[in-house]
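Only a predicted model underlies this, so the values are computations on that prediction, with no experimental measurement involved.
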Amino acid sequence: MRRAVCPGSFDPLHHGHVEIIARATSLFDEVIVAVSTNYNKTHRFDVDERIAMIQETVSSLQGISVVAMGEGLLAEFCRKVGANSVVKGLRNSTDLNYEMPMATMNRHLTGVETVFLPADGRYAHLSSSLIKEISQLGGDISEFVPRAVMRRFSEQ
(Lines give C-alpha, C1' and ligand atoms only; values in the text may rest on other atoms or scores of the structure.)
Protein backbone atom coordinates (compact mmCIF):
# COMPACT_ATOMS: atom_id res chain seq x y z
CA MET A 1 0.00 0.00 0.00
CA ARG A 2 1.32 3.44 -0.92
CA ARG A 3 0.80 5.69 2.10
CA ALA A 4 1.77 9.36 2.28
CA VAL A 5 1.64 12.05 4.92
CA CYS A 6 0.47 15.53 4.00
CA PRO A 7 1.67 17.62 6.96
CA GLY A 8 0.87 21.17 7.93
CA SER A 9 -0.54 23.44 10.55
CA PHE A 10 -3.58 24.18 8.34
CA ASP A 11 -4.45 27.25 10.40
CA PRO A 12 -6.66 27.88 8.62
CA LEU A 13 -7.21 25.29 5.93
CA HIS A 14 -7.64 26.98 2.55
CA HIS A 15 -8.49 25.93 -1.00
CA GLY A 16 -4.80 25.56 -1.88
CA HIS A 17 -4.39 22.96 0.87
CA VAL A 18 -7.52 21.10 -0.21
CA GLU A 19 -6.35 21.01 -3.82
CA ILE A 20 -2.98 19.47 -2.86
CA ILE A 21 -4.63 16.92 -0.57
CA ALA A 22 -7.09 15.93 -3.31
CA ARG A 23 -4.30 15.53 -5.87
CA ALA A 24 -2.33 13.40 -3.43
CA THR A 25 -5.22 10.93 -3.28
CA SER A 26 -4.70 10.18 -6.97
CA LEU A 27 -1.04 9.30 -6.32
CA PHE A 28 -1.34 7.30 -3.09
CA ASP A 29 -3.67 4.66 -1.73
CA GLU A 30 -3.88 6.45 1.59
CA VAL A 31 -3.16 10.05 2.53
CA ILE A 32 -2.74 10.94 6.18
CA VAL A 33 -3.31 14.64 6.77
CA ALA A 34 -1.10 15.32 9.79
CA VAL A 35 -2.10 18.46 11.64
CA SER A 36 0.86 19.96 13.43
CA THR A 37 1.46 22.75 15.87
CA ASN A 38 4.05 25.23 14.69
CA TYR A 39 5.37 26.87 17.84
CA ASN A 40 6.72 29.78 15.77
CA LYS A 41 3.18 30.78 14.81
CA THR A 42 0.16 32.09 16.68
CA HIS A 43 -2.73 29.72 16.00
CA ARG A 44 -6.27 30.94 15.37
CA PHE A 45 -7.78 27.48 15.87
CA ASP A 46 -6.67 24.67 18.17
CA VAL A 47 -5.64 21.29 16.77
CA ASP A 48 -9.03 19.65 17.39
CA GLU A 49 -10.85 22.48 15.59
CA ARG A 50 -8.48 22.24 12.63
CA ILE A 51 -8.92 18.47 12.45
CA ALA A 52 -12.72 18.84 12.50
CA MET A 53 -12.68 21.46 9.71
CA ILE A 54 -10.39 19.32 7.55
CA GLN A 55 -12.47 16.17 8.13
CA GLU A 56 -15.65 17.99 7.15
CA THR A 57 -14.02 19.48 4.06
CA VAL A 58 -12.46 16.27 2.72
CA SER A 59 -15.27 13.91 3.74
CA SER A 60 -16.21 13.22 0.12
CA LEU A 61 -12.68 12.10 -0.78
CA GLN A 62 -11.60 8.48 -0.40
CA GLY A 63 -8.46 7.25 1.35
CA ILE A 64 -7.90 10.19 3.68
CA SER A 65 -7.46 10.21 7.42
CA VAL A 66 -6.87 13.33 9.48
CA VAL A 67 -4.83 13.10 12.68
CA ALA A 68 -2.86 15.27 15.08
CA MET A 69 0.84 14.83 14.40
CA GLY A 70 1.87 15.57 17.95
CA GLU A 71 5.38 16.58 18.85
CA GLY A 72 8.53 15.27 17.25
CA LEU A 73 10.07 14.90 13.85
CA LEU A 74 7.97 14.45 10.72
CA ALA A 75 10.27 11.63 9.62
CA GLU A 76 9.58 9.76 12.86
CA PHE A 77 5.84 10.34 12.50
CA CYS A 78 6.03 8.84 8.99
CA ARG A 79 7.86 5.80 10.32
CA LYS A 80 5.25 5.41 13.09
CA VAL A 81 2.29 5.46 10.66
CA GLY A 82 4.04 3.39 7.98
CA ALA A 83 4.25 6.14 5.36
CA ASN A 84 7.17 6.23 2.96
CA SER A 85 6.31 9.57 1.38
CA VAL A 86 5.54 13.15 2.36
CA VAL A 87 3.46 15.36 0.08
CA LYS A 88 4.11 19.09 0.10
CA GLY A 89 2.60 21.80 -2.06
CA LEU A 90 4.87 24.45 -3.53
CA ARG A 91 3.62 27.92 -4.43
CA ASN A 92 6.92 29.37 -5.59
CA SER A 93 10.70 29.11 -5.43
CA THR A 94 10.71 30.49 -1.88
CA ASP A 95 8.67 27.47 -0.77
CA LEU A 96 11.08 25.15 -2.60
CA ASN A 97 14.11 26.73 -0.94
CA TYR A 98 12.44 26.35 2.46
CA GLU A 99 11.25 22.77 1.91
CA MET A 100 14.28 21.24 0.16
CA PRO A 101 16.62 20.98 3.19
CA MET A 102 13.83 19.39 5.24
CA ALA A 103 13.05 16.91 2.45
CA THR A 104 16.72 15.98 2.18
CA MET A 105 17.05 15.53 5.94
CA ASN A 106 13.86 13.43 6.16
CA ARG A 107 15.21 11.14 3.43
CA HIS A 108 18.56 10.94 5.23
CA LEU A 109 17.01 10.16 8.62
CA THR A 110 14.44 7.55 7.60
CA GLY A 111 14.38 7.10 3.83
CA VAL A 112 11.08 8.99 3.55
CA GLU A 113 10.79 10.66 0.15
CA THR A 114 9.12 14.02 -0.34
CA VAL A 115 6.84 14.55 -3.32
CA PHE A 116 6.45 18.19 -4.28
CA LEU A 117 3.24 19.21 -6.04
CA PRO A 118 3.17 22.63 -7.66
CA ALA A 119 0.23 24.74 -6.55
CA ASP A 120 -2.59 25.29 -8.97
CA GLY A 121 -2.29 28.85 -10.28
CA ARG A 122 -5.66 29.72 -8.79
CA TYR A 123 -4.23 29.18 -5.30
CA ALA A 124 -0.54 30.08 -5.59
CA HIS A 125 -1.13 33.37 -3.78
CA LEU A 126 -2.85 31.84 -0.76
CA SER A 127 -1.25 31.43 2.63
CA SER A 128 -2.85 30.81 5.99
CA SER A 129 -1.04 33.82 7.44
CA LEU A 130 -2.40 36.12 4.75
CA ILE A 131 -5.92 34.77 5.20
CA LYS A 132 -5.76 35.36 8.96
CA GLU A 133 -4.51 38.90 8.39
CA ILE A 134 -7.27 39.71 5.89
CA SER A 135 -9.87 38.36 8.31
CA GLN A 136 -8.46 40.29 11.27
CA LEU A 137 -8.64 43.49 9.24
CA GLY A 138 -12.29 42.87 8.32
CA GLY A 139 -11.77 41.57 4.79
CA ASP A 140 -13.82 38.89 3.07
CA ILE A 141 -12.02 35.52 2.98
CA SER A 142 -14.97 33.43 1.81
CA GLU A 143 -13.54 32.77 -1.65
CA PHE A 144 -10.29 31.41 -0.19
CA VAL A 145 -11.49 28.93 2.44
CA PRO A 146 -13.92 25.98 2.54
CA ARG A 147 -17.37 26.47 4.06
CA ALA A 148 -16.42 24.64 7.27
CA VAL A 149 -13.60 27.11 7.84
CA MET A 150 -15.71 30.14 6.96
CA ARG A 151 -18.35 28.99 9.43
CA ARG A 152 -15.74 28.74 12.22
CA PHE A 153 -14.42 32.22 11.44
CA SER A 154 -17.99 33.55 11.59
CA GLU A 155 -18.55 31.93 15.00
CA GLN A 156 -15.56 33.69 16.56
Side-chain angles (χ1 to χ4, degrees), residues 1-38 41 43-132 141 143-152:
M1 172 179 273
R2 297 171 304 154
R3 180 177 293 142
V5 170
C6 190
S9 56
F10 305 106
D11 186 45
L13 179 74
H14 57 68
H15 291 313
H17 293 134
V18 175
E19 194 263 339
I20 293 296
I21 294 166
R23 285 171 48 204
T25 65
S26 70
L27 300 173
F28 297 93
D29 301 312
E30 182 181 357
V31 175
I32 300 168
V33 178
V35 181
S36 65
T37 299
N38 184 334
K41 295 180 179 180
H43 292 285
R44 173 84 183 242
F45 301 102
D46 68 30
V47 171
D48 291 335
E49 289 174 306
R50 288 181 270 151
I51 288 172
M53 288 184 282
I54 296 167
Q55 287 173 327
E56 182 178 337
T57 301
V58 302
S59 64
S60 65
L61 298 173
Q62 299 298 310
I64 295 179
S65 57
V66 184
V67 300
M69 191 171 101
E71 294 187 19
L73 296 172
L74 174 59
E76 290 302 320
F77 178 81
C78 290
R79 184 189 328 232
K80 180 177 134 189
V81 299
N84 60 358
S85 299
V86 171
V87 174
K88 298 291 283 189
L90 298 177
R91 295 169 294 186
N92 51 43
S93 61
T94 302
D95 283 353
L96 179 62
N97 290 335
Y98 177 79
E99 295 289 348
M100 188 60 81
M102 289 185 287
T104 303
M105 185 58 75
N106 286 337
R107 186 177 66 240
H108 176 80
L109 291 173
T110 61
V112 170
E113 291 290 350
T114 300
V115 176
F116 293 120
L117 297 178
D120 184 297
R122 297 174 294 169
Y123 309 120
H125 64 290
L126 294 182
S127 74
S128 295
S129 298
L130 184 57
I131 289 169
K132 283 189 283 195
I141 60 167
E143 68 180 282
F144 308 127
V145 299
R147 280 187 295 251
V149 175
M150 194 65 219
R151 192 168 48 256
R152 293 286 173 108

Residues 72-79 side chain polar contacts: donor-acceptor under 3.5 Å, at least two apart:
unit_1 : atom_1 : unit_2 : atom_2 : d
E76    : OE1    : R79    : NE     : 3.4
E76    : OE2    : R79    : NH2    : 2.9

OG1 of T25 to CD1 of I21: how many Å apart, nearest 0.5 Å?
9.5 Å
Minimal non-hydrogen separation, L117 against A24, with atom names:
CD1-N, 4.3 Å
So side chain to side chain donor-acceptor pair (under 3.5 Å) across residues 59-69, not counting sequence neighbours, yields none
All pairs passing ring pair (Phe, Tyr, Trp, His ring centres under 6.0 Å) where residues 86-121 contributes a residue, at least two apart:
none
Might you confirm whether atom CE of M105 has over 12 heavy atoms from other residues, nucleotides or ligands at distances under 6.0 Å?
no
Partners of R44 by salt bridge (charged side-chain N to carboxylate O under 4.0 Å, His left out), sequence neighbours excluded?
none
Holding to salt bridge (charged side-chain N to carboxylate O under 4.0 Å, His left out), I want the full list of residues that pass it with R152, two or more places apart in sequence or in another chain.
none
Smallest separation among heavy atoms of A124 and A119, with atom names:
CA-CB, 4.2 Å
Could you check if a side-chain atom of V87 sits within less than 4.5 angstrom of a side-chain atom of F28, using non-hydrogen atoms only?
yes
Residues pairing under salt bridge (Lys or Arg N to Asp or Glu O under 4.0 Å) where one sits in residues 54-69, two or more places apart or in two chains, turn out to be E56-R151
Show the nearest heavy-atom pair for residues L126 and G16, with the distance to one decimal.
CD1-N, 3.9 Å
Please find the pair of heavy atoms, one from S9 and one from H43, that lie closest to each other, and give the distance.
CB-CE1, 3.8 Å
Can you run down the side chain to side chain donor-acceptor pair (under 3.5 Å) pairs that involve residues 111-126, sequence neighbours left out, and say none if there aren't any?
D120-R122
For R147, all residues meeting salt bridge (charged side-chain N to carboxylate O under 4.0 Å, His left out), sequence neighbours excluded
none
Is there a side-chain contact between V47 and I51, using heavy atoms and a 4.5 Å cut-off?
yes
Pairs touching residues 2-21 that satisfy ring pair (Phe, Tyr, Trp, His ring centres under 6.0 Å), sequence neighbours left out
F10-H17, H14-H17
P12 versus S128, closest heavy-atom pair with distance
O-OG, 2.8 Å
Is the shortest distance from a Lys or Arg side-chain nitrogen in K88 or D95 to a carboxylate oxygen in the other one below 4.0 Å?
no
So which atom in V149 and which in V145 form the shortest heavy-atom distance, rounded to 0.1 Å?
CG1-CB, 3.8 Å
Using the salt bridge (charged side-chain N to carboxylate O under 4.0 Å, His left out) criterion, which residues pair with D46? Sequence neighbours excluded.
none
Starting at CE of M150, measure out to CD of E143 and round the result to the nearest 0.5 Å.
11.0 Å
Side-chain (D29) to main-chain (R3) donor-acceptor, under 3.5 angstrom
no
How long is the straight-line distance from CG of D48 back to CE of M53, given to the nearest 0.5 Å?
10.5 Å
Sequence-distant partners of V18, side chain to side chain contact (heavy atoms under 4.5 Å, CB included), two or more places apart
L13, T57, P146
Please identify each residue that fulfils side-chain hydrogen bond (donor to acceptor under 3.5 Å, both in side chains) with E49, with sequence neighbours left out.
none
Please check if the side chain of R23 supplies one atom and the backbone of P118 the other of a donor-acceptor pair under 3.5 Å.
yes
